[in-house]
> 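Below you will find the structure I want to go over with you.
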Amino acid sequence: MKQLYAGIDWASKTHAVCVVDDHGRIRARFQVPNTGKGFGGLVRRLVKLGVTGVAIERPDGPLVQALLDAGLRVIVVTPRQVKALRSRYAAAGAKSDAADALLLADVLRTDGHRLQPLTPDSDATQVLRALTRTRKDLQKARVALTNQLVAQLERCFPGAVGLFADLHSQVAISFLRRYPTSHAAAGLTQAKLAAFLRRIHYCGHTPVAVLLQRITTAPAAAISPDQAAGRAVCVAALLDAIQVTHSRERDLEAEIIERLALHADAAVFTSLPKAGHGVRAAALLSEIGDVRARFPNEEALAAVAGVAPVTRASGKVHSVGFRWACDKKLRNALIDFADDSRHASPWAAKVYTDALGRTRRHPHAVRILARAWIRVIWRIWQDHTSYDPAKHGGAVRLLAA
């Protein structure tokens, strides 16, 4: 019985579909709209044709979920892979949605045995991933807004830049709402500043006299009163945006902590040194996922996480370089954990110190430590157990030395 393979070139409005048989002949070619009705019709048509697998460029979304719900075998071929494969079918580098759909279907036919079917994580893990990624996006937005605020203050109130440790702190925001420009702070005295700081419950260790000196000795803002009034409006708008973003970050963090505590794999990741019971452990858990078959060995996890180098050997040329193609979010979560773990784990500290002595570069040393942690994380993740330093061979040997 002939097998049929489908390729779907995903788009925002219309999806191109191509179905080929086991000899590569096109059996069907059509388009479906990006609607629930269109997805239903697509699934029924693929099932009726007897398609054995579907190749698509993205691992999530309503279309992918509809295919999985219908019991179809879904294989993800990343856009990077599709780009590299186009020259296999068109030497001129031509591109079209229909051609990409054919490419996906034919690659599934010829190389499907090399590709792993998509197995979605549990709902709890997917929700946790959405929460941690959204919080990270808000954090990046807050940093960008804070940088814009610094740029505004350099024009209208240079003395306020660096006055407090964090411009997004409540103390800094309260101060800038009262004194958004150097013109507004022109009559500020030590007594007035002290009274205002007491009002907003300032608990910093910098004396009031030092704070006032920083304001008065800073370069003057060379702007007119009219410009100062306009800049004050800009500062107020940025402060509003920073406050809202920071507030939503804290709300998401509370939600993450609550959902992490209820997750079946929480103990696996919260037991790791410096992982904590909040965002860091949740990021590790959600980015690795809970489908054990996805990473059958530690090498597979290390490669996807981008902490294993890439070896290129051809003739007399042999090089080992940085792995660019990887899951960037997983790598960031793992590097963040590994970098801080050395402050709580003597074993991690030694691995980092030895690596730093060889490489002389902090980022490289942290990646080496992250690769070492992969062995531990993969094992306890596969065994559904917590991290125990007494069972960690490297840590035990270090203590015995």
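Below, each value reflects all heavy atoms present in this structure, side chains not excepted, and no hydrogens, waters or symmetry copies.
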> Could you pull out all donor-acceptor pairs under 3.5 Å where a side-chain atom in residues 215-231 meets a protein atom, sequence neighbours excluded?
| from | atom 1 | to | atom 2 | distance (Å) |
| --- | --- | --- | --- | --- |
| T216 | OG1 | L212 | O | 3.1 |
| T216 | OG1 | Q213 | O | 3.2 |
| T217 | OG1 | Q213 | O | 2.6 |
| S224 | OG | Q227 | N | 3.3 |
| R231 | NH1 | Q152 | OE1 | 3.0 |

> Who pairs with H168 by ring-ring contact (aromatic ring centres under 6.0 Å, His included), at least two apart in sequence or on another chain?
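Listed in chain order: H246.
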
> Within the supplied structure, the quantity of interest is the number of heavy atoms (other residues, nucleotides, ligands) at a distance under 6.0 Å from R86 CZ; does it exceed 12?
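Atom CZ in R86 is crowded, with more than 12 foreign heavy atoms closer than 6.0 Å.
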
> Any side-chain heavy atom of V82 within less than 4.5 Å of one from V107?
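Of all side-chain heavy-atom pairs linking V107 with V82, none is under 4.5 Å.
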
> Should the pair R45 and F30 be classed as cation-pi, given the thresholds of under 6.0 Å to the six-membered ring centre and 45° from the axis?
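Yes, R45 sits over the ring of F30.
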
> Look at the side chain of E287 and the backbone N and O of R331, then say whether any donor-acceptor pair between them is shorter than 3.5 Å.
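The answer is no, because no donor-acceptor pair under 3.5 Å joins these two groups.
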
> A quick test of your reading: do over 12 heavy atoms of other residues, nucleotides or ligands sit less than 6.0 Å from NZ of K328?
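Counting other residues, nucleotides and ligands, NZ of K328 exceeds 12 neighbours.
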
> If only atom types and distance count, is the side chain of R129 paired as donor or acceptor with the main-chain N or O of S286 below 3.5 Å?
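Checking the backbone N and O of S286 against the side chain of R129, a donor-acceptor pair under 3.5 Å is found.
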
> Determine whether the side chains of T110 and R88 contain a donor N or O and an acceptor N or O closer than 3.5 Å.
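Yes.
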
> Taking P117's backbone N and O only, do any of them form a donor-acceptor pair with R73's side chain (distance below 3.5 Å, no angle check)?
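Judged by distance alone, no pair lies under 3.5 Å.
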
> Between R358 and H364, is any side-chain donor less than 3.5 angstrom from a side-chain acceptor?
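On atom types as modelled, these side chains do not qualify, holding no pair under 3.5 Å.
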
> Inspect the contact between D336 and K274 and indicate whether a charged nitrogen and a carboxylate oxygen are less than 4.0 angstrom apart.
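Here K274 does not pair with D336 in a salt bridge, since their nearest N and O are not under 4.0 Å apart.
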
> When you measure from the side chain of S182 to the backbone of C156, do you find a donor-acceptor pair of N or O atoms at a distance under 3.5 Å?
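Yes, S182 side chain to C156 backbone: donor-acceptor pair under 3.5 Å.
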
